[in-house]
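Residue numbers begin at 1 in each chain, while the letters A, B, ... track the order of the sequences. If you're wondering where the values come from, they're calculated on a predicted model, not measured in any experiment.
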Amino acid sequence: MDTKYDDCGVLDSGTGPVFMDPDPDKARLFFRNKSKKMSVKLTSMEEAVRANVHDGDYLVVGGFGSNRTPFHAVHEIVRQKRKHLKFAGHTSTHDMQVLAAGNTFDCIDIAYIIGLEARGLSKCSRKLFEENRVQFNEDTNYGLAMRFKAAAMGIPYIPTRNVMGTDTFRNGCGKIITCPFTGKKLVAKPAIYPDVSVLHVHEADKYGNARFRGISVSDIDVANCTKRLIITAERIIDHEEFRNNPDSTMIPYYLVDAVVSSPWGAYPGTMPYEYFSDEDHLGEWLSAEKDPETFRKFLDKNIYSCKNHFEYIEKNGGLEKMAHLHELEMLTYKEDSNG
Amino acid sequence: MDTKYDDCGVLDSGTGPVFMDPDPDKARLFFRNKSKKMSVKLTSMEEAVRANVHDGDYLVVGGFGSNRTPFHAVHEIVRQKRKHLKFAGHTSTHDMQVLAAGNTFDCIDIAYIIGLEARGLSKCSRKLFEENRVQFNEDTNYGLAMRFKAAAMGIPYIPTRNVMGTDTFRNGCGKIITCPFTGKKLVAKPAIYPDVSVLHVHEADKYGNARFRGISVSDIDVANCTKRLIITAERIIDHEEFRNNPDSTMIPYYLVDAVVSSPWGAYPGTMPYEYFSDEDHLGEWLSAEKDPETFRKFLDKNIYSCKNHFEYIEKNGGLEKMAHLHELEMLTYKEDSNG
Amino acid sequence: MADYNTMELMIVAASRELENGATVGVGTGAPCAAAMLAQKTHAPDLVILFEAGGISPQLPEMPISVGDSRTFYRAIKAGGMCDIMDACARGLVDYTFLGGAQIDMYGNLNSTVIGDYEKPKVRLPGSGGANDFASFCWRTMVITPQDKRRFVEKLDFLTTPGWITGGNSRTEAGLPEDTGPYKIITDMAIMGFDEESKRMTVLSLNPGSTKEMVQENCGFELLWAKNITETPPPTKEELRILREQVDPKKYIIGR
Amino acid sequence: MADYNTMELMIVAASRELENGATVGVGTGAPCAAAMLAQKTHAPDLVILFEAGGISPQLPEMPISVGDSRTFYRAIKAGGMCDIMDACARGLVDYTFLGGAQIDMYGNLNSTVIGDYEKPKVRLPGSGGANDFASFCWRTMVITPQDKRRFVEKLDFLTTPGWITGGNSRTEAGLPEDTGPYKIITDMAIMGFDEESKRMTVLSLNPGSTKEMVQENCGFELLWAKNITETPPPTKEELRILREQVDPKKYIIGR
C-alpha cells in the first residue's frame, strides 16, 4: 500500500496509513464473483455476523452518531468477540464506544470518534489512544464520505478541496495534486472498499431490498462500496412492496449478503419516526465506564449475558421504555400527563 | 480555457473544446450571491424562459431521451428564438430535434444526439453537423453525467475509467492522468456549471421544492450544478406536502429560479405514471423533416403559431389523445376494446 | 427453408450467452429481446439494467426507449444513470450488448460518424452510453447484421472500445482489467476473439452459412477457430416464447 | 448585575451575525441555539443545515445530535451528508459555527488532541465535519469561552483551518478562495481578523469586560480595532425568545 507515484504531479503527501487497497481492479474482481441472484438472505443476527464479519475485517457501521445505527448488530459483534477489526470512525459515537468496550478493533480511520456529541466523551474509547493500542489515520466526515463515494464509483480516488494546510491533512493519507484544468491544488483521497458494513433500515424484504426514512448520511455510498453488506431491519416486508413501488427502493438486493429482522435494532439510539434515543441509558453507559469493575459488570449485564437484543431492552425498561421513547420521538410526550 | 498544466502529470489530452469554465471558485462566487430566500417563484413559461434562458447560455434539458423531458419549455425556448446556446447533448433525442429546428444552439457537448433511439435519425439535426454549423466536443452519457457531478461537488474534475484508447477520448476534452495511489491511468473530465437547466417534475410547490417519480437519470446532479434552474411541474402542490414529508423532496427550493405549472409538459414524450409518448406525432415529426417546406409548415403549426402548450396538444388530439396516452402508460389500453 | 428468420436466430443465440444470475446492461431492440428471452427461458434470475436507471424490471413489453416506463416496471429499483454506470464501473455487470455502424477486427465500434469527423458524410448519434458500458462491463457482445460496409478494416471513428489495436493495448490504454469484447453475433456466424492477438475469430457458422460467405461479407481477414461448429438453431420453445411473449407485435423480429 | 449570563450573551451576539436569507451550517449546542434565535427574531428565512443531512428544518426543540430527527423535522429536505457538504463546497453556505479545545491567533482550531499526537494526554473526537465546514463555508465563526488554555500561541494540533499562518497562506494552501474565519465570540469579547495579517483583532468588549481581562485570558497577543465598542447586550425580547422558545429546558443557557 506504500506505492508512490510522486512523478505524477504529487505536491505533498499525508503520513497517515492507507488501511484498504484503493485499487478498483481488485475490487472489481471481488464484485464480479459476488452472486447477484435474488436468493433468500433472511437469517439470524448471530448467523449474519458469524458469516460476514471476520477478524481483521474493515467494518463500517451505518447511520450518524447514534441515529439509525445498527446497535443490535454492534452488540452481536462484541458478543462474538471479533478482534483486530479496522473501523471507520465516521460520525461514530456510541457504536465506537461499544466496539471499543469489546476491544474489537485495532486500526481506525478517524473522522469523529470517542465523543457522544453533547453527551460527553467515552473514557474507554479515549484509553485506546492514550495507551497507544490502535493504529490510526486522521480524516474528516466528508473526507471519509468521499472515500466511500470513490469506491462506490469504481475509481481509486476523488479530489476534494478541504483539509489543505492542516495537521488533519498531514496525519491523513491524502495527497495534494494539481488540477490539470485549473492549476488549483486538490487533495486526492483514496477509495475505501470496506470488507463488511452494517446498515439499519426501516423496511427490507427477505432478498435484501431495503428502504429507510429520514436522512441518508453516507449510507447509500456505503451500501455500494462495501464488499459484504448486512441489512438489519425494523420490519421485514413483502417483496411485492418493492416491485409495486420501485421508486422507494434505496438498496437493491444484489448488494446485500444478509438480512436480519431487528425490531428496535437501533436502540439505544434514535430510529427516525419510530423511537428516540434512550438518554438515561446512554448516560449510565458513560458513567459506568469510569470504574473498570463497574463497567465489567455493566457490559456483562447489557451485552455478554444477553441472549439477544430483546433481553437487552427488557433489562433497560422493555416495552414501557420503548413506548415512552416512541412518544419522545413523535413529540407527543407531555411531561405533565405521562411518565 | 486553454490553460495547460502538463507539468502536473498529464499523459495525454483530448482535442475537444471545453465550453464552460470548470473553475469552482468562479462558480462559488455565483452561488454565494444567489438568493436562498424562500420566495414565491411561480411564474408563466414565457416569463421563466425570458428571465432565465439568454442567448449564448449553456443549456441542460432534463430527463432521458423523450422521457420526463420538459418539452413545454423547449418549445417556448424556440418560440422566443433563443440563439447561440451551448447545448448538453446528454441522452438528447426529440429535445435536440426541436432545438435544432429552431437553430437555437451552435455549440454542443455530444453524448447522444441526432437519434430518437429506435425511431430513427433527425435529418434536421444531422444537417447541423454535415453542414458544419456547430462546434462540438465528443463525450459519453456517463462522461457528461460525471462532469455535472464534479460541478455539483464543487470540484474542477472527476477521474473516470472510460473512453481511454478511443477517438471519443481523442475528440473530447478529457485528460489522461496517473492515479497517485495506484499508478493507473484515469481520464480527468472537467466540471460543467451550466448557465441554465430545465427539469420537468411531477410535483413542485410555489417556492421550487420539487419531486418526481421513476428514474432520476442525472437530474439531481444537474439541479445541483446549474447556475439557474427552471422547474416545470405537472402539478403545483401545497408547500406543506414537503414540510410533512421531507424525505420526499428531491430538489430543494434554493436551487430553483422559476417554477412553472406545466400539465402535460413532457408531451409528446413520456411522463412516468402519467402518459406515454405520442409515437404517431413523433413519427410525423421525423417525416416532416424530410421536406423543408413541409417542415416549415409543420413547425409553424406546432410551435410558432401556438400561444401555449395546450394549443399544441389540442392540435394533436387534445384531451382524448392524452386520455389514450394515459392508458398506454398505465398498460390499461386494450387494442380490442378501445380506440 | 428454416422456420425462423435471421433476427430470430441472432436473438436466440444472444440469449443463450446469458447464464442465470448474470447481470447485463442493454439498450432497446434486439439486445433487450435477447435479455427478455433469456429471462423467460433458462435465466429467470438474469438482472437487466438500463443505463437511464431502470434496475431489473419485469418488462411487460418491449420498451421503445432506454428510459421509458417499461424499463422500471415492477423493477427492483428506479434509480439514476449513476446507479447503473457506477455499478458497471465497480465490476458488478457481466455483459453488455452493443451495436454500431462499423466494427473492426478488434471489436471496436463506430457509432459517431461516416466519413470525415470534421466534415462528416453522415453524422451519427455518438457514444451514448455505449463507450461507458463497453469500458466497464466485463464482456461486450454485439448483435449485428454482417456485410462489408459494416465489418471494416479501418473504422471512420473509434467510438467504443473493443480490444483497441489488439494484444494488451486495451489494458495499456487504461481501461479496467480483463474487460473486452466477447462475442459478435451476426446473421451469418458467431465470432469470438483470439486470446493473444485479440483478432475476431469465427467460432460457429449459422445454419445455411458457409465460410466463404462469412469471409466475403467481412472487410477484414477473419481468423477461424480450430473446430468450427454450426450455431444451434432456435428451438421451438424459444421461438414460441420469443414470438408470443417477448415481441408479439414483431417490432424487432418482424423486420 | 446583568440579568443575563455570558452564554446567553454569546448566543445573542452570534444570532445577530446571521442576516435574513443567509445559510448556516451548525452543530448542536450554542451554535444551534444562535441559529434558532436568529430565525425567531430578525432572520425568519435563515437556512439551517446539519451535516448529517437535515436541510432547513422547523426545529421543534434543541436537537441533542446533529443527526437526530429534530434536525429534519418539517424540513425542506431530509438529505444526506453529501447534499450538505457538496452545497458547502459549491459555495452555497455563508456561515458555519465551530468550537474547539484550542484556538490560535489565526482562528485555527484544535479538536483532535491535547499533548503529543502519537502519545496523547487527551485524545479528542477529531475533525468530524468541522474541517469540512471551515474549508468550504464562506465565513467561519466560533462561540467559545475564553481562557489561556484555550486561546494558545501554538495549537497542539491544527484540526480545522483558520487563516493557517496568516497573510495569503490559506489560499496558498489550496483552500477555496475568500473563505476563512470571520468572528470569534467569547464570554469576554467579539474578535474579527486583521485584513492583512489575518491576526485575531478585538472588535468589541462584552459588558463588564476590560481590555486587560481580554488580553490576560488569551495566550497570544491580540490586535485591537481602532474603535473598540461595547458588545450590545441582549434585548429583553431576545432573552424572552431564547429562554421561552429556543431553550426552555435550559440545556445550553442553563450552564
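- By the 4.0 Å N-to-carboxylate-O rule, B/K26 lies close enough to B/D21 to be salt-bridged with it.
- Under the 30°/60° scheme for interplanar angles, the aromatic rings of B/H90 and B/F148 are found to stand perpendicular.
- Contact between B/Y254 and B/K34 at its shortest, heavy atoms only, is O-CE, 3.8 Å.
- Side-chain atoms of D/R170 come within 3.5 Å of backbone N or O of D/T179 as a donor-acceptor pair.
- When atom types are taken as modelled, the side chain of B/K184 and the backbone of B/P180 share no donor-acceptor pair closer than 3.5 angstrom.
- The pair B/K37-D/D45 does not count as a salt bridge, with every side-chain nitrogen at least 4.0 angstrom from each carboxylate oxygen.
- Heavy atoms of B/P24 lying under 4.5 Å from chain D are absent altogether.
- A salt bridge does not link D/E244 with D/K40: every distance from a Lys NZ or Arg NE/NH1/NH2 to an Asp or Glu carboxylate oxygen is 4.0 Å or more.
- Side-chain atoms of B/D139 never come within 3.5 Å of backbone atoms of B/A111 as a donor-acceptor pair (strictly under, hydrogens ignored).
- Minimum heavy-atom separation, D/Y106 to D/I164: CD1-O, 3.3 Å.
- B/H200 places a side-chain N or O within 3.5 Å of a backbone atom of B/T232 that can act as its donor or acceptor partner.
- One finds no salt bridge joining D/D178 and B/R32 here, because no Lys/Arg side-chain nitrogen approaches an Asp/Glu carboxylate oxygen to under 4.0 Å.
- A donor-acceptor pair is defined here as one N or O able to donate and one able to accept, closer than 3.5 Å; such a pair exists between the side chain of B/T226 and the backbone of B/S197.
- Considering only heavy-atom pairs separated by less than 4.5 Å from chain D, the leading option among B/N224, B/L255, B/L29, B/I155 is B/N224.
- Taking chain B as the reference chain and counting heavy-atom pairs below 4.5 Å, the highest number among D/R90, D/M85, D/Q58 is found for D/R90.
- Within residues 11-28 of chain D, the residues approaching chain B closer than 4.5 Å by heavy atoms are, in numerical order, D/N20, D/G21, D/T23.
- For the set B/G154, B/S39, B/C225, the entry with the most heavy-atom pairs within less than 4.5 Å of chain D is B/G154.
- The salt bridge (charged side-chain N to carboxylate O under 4.0 Å, His left out) search around D/R199 returns D/E221, not counting sequence neighbours.
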Would you please test B/K227 and B/D257 for salt bridge (charged side-chain N to carboxylate O under 4.0 Å, His left out) and show each step?
CA-CA 9 Å; B/K227 289 185 175 175; B/D257 295 84; over 6 Å; no

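- By a heavy-atom distance cut of under 4.5 Å, B/N209 are the residues of residues 203-220 of chain B near chain D, going up by number.
- Along residues 70-82 of chain D, the residues that come nearer than 4.5 angstrom to chain B, judged on non-hydrogen atoms, are D/F72, D/R74, D/A75, D/I76, D/K77, D/A78 in order of number.
- Residue contact with chain D, scored on non-hydrogen atoms closer than 4.5 Å, involves the side chain of B/D25 exclusively.
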Test side chain to side chain donor-acceptor pair (under 3.5 Å) applied to B/E47 and B/S44, step by step:
CA-CA 5 Å; B/E47 186 50 33; B/S44 68; 5.5 Å; no

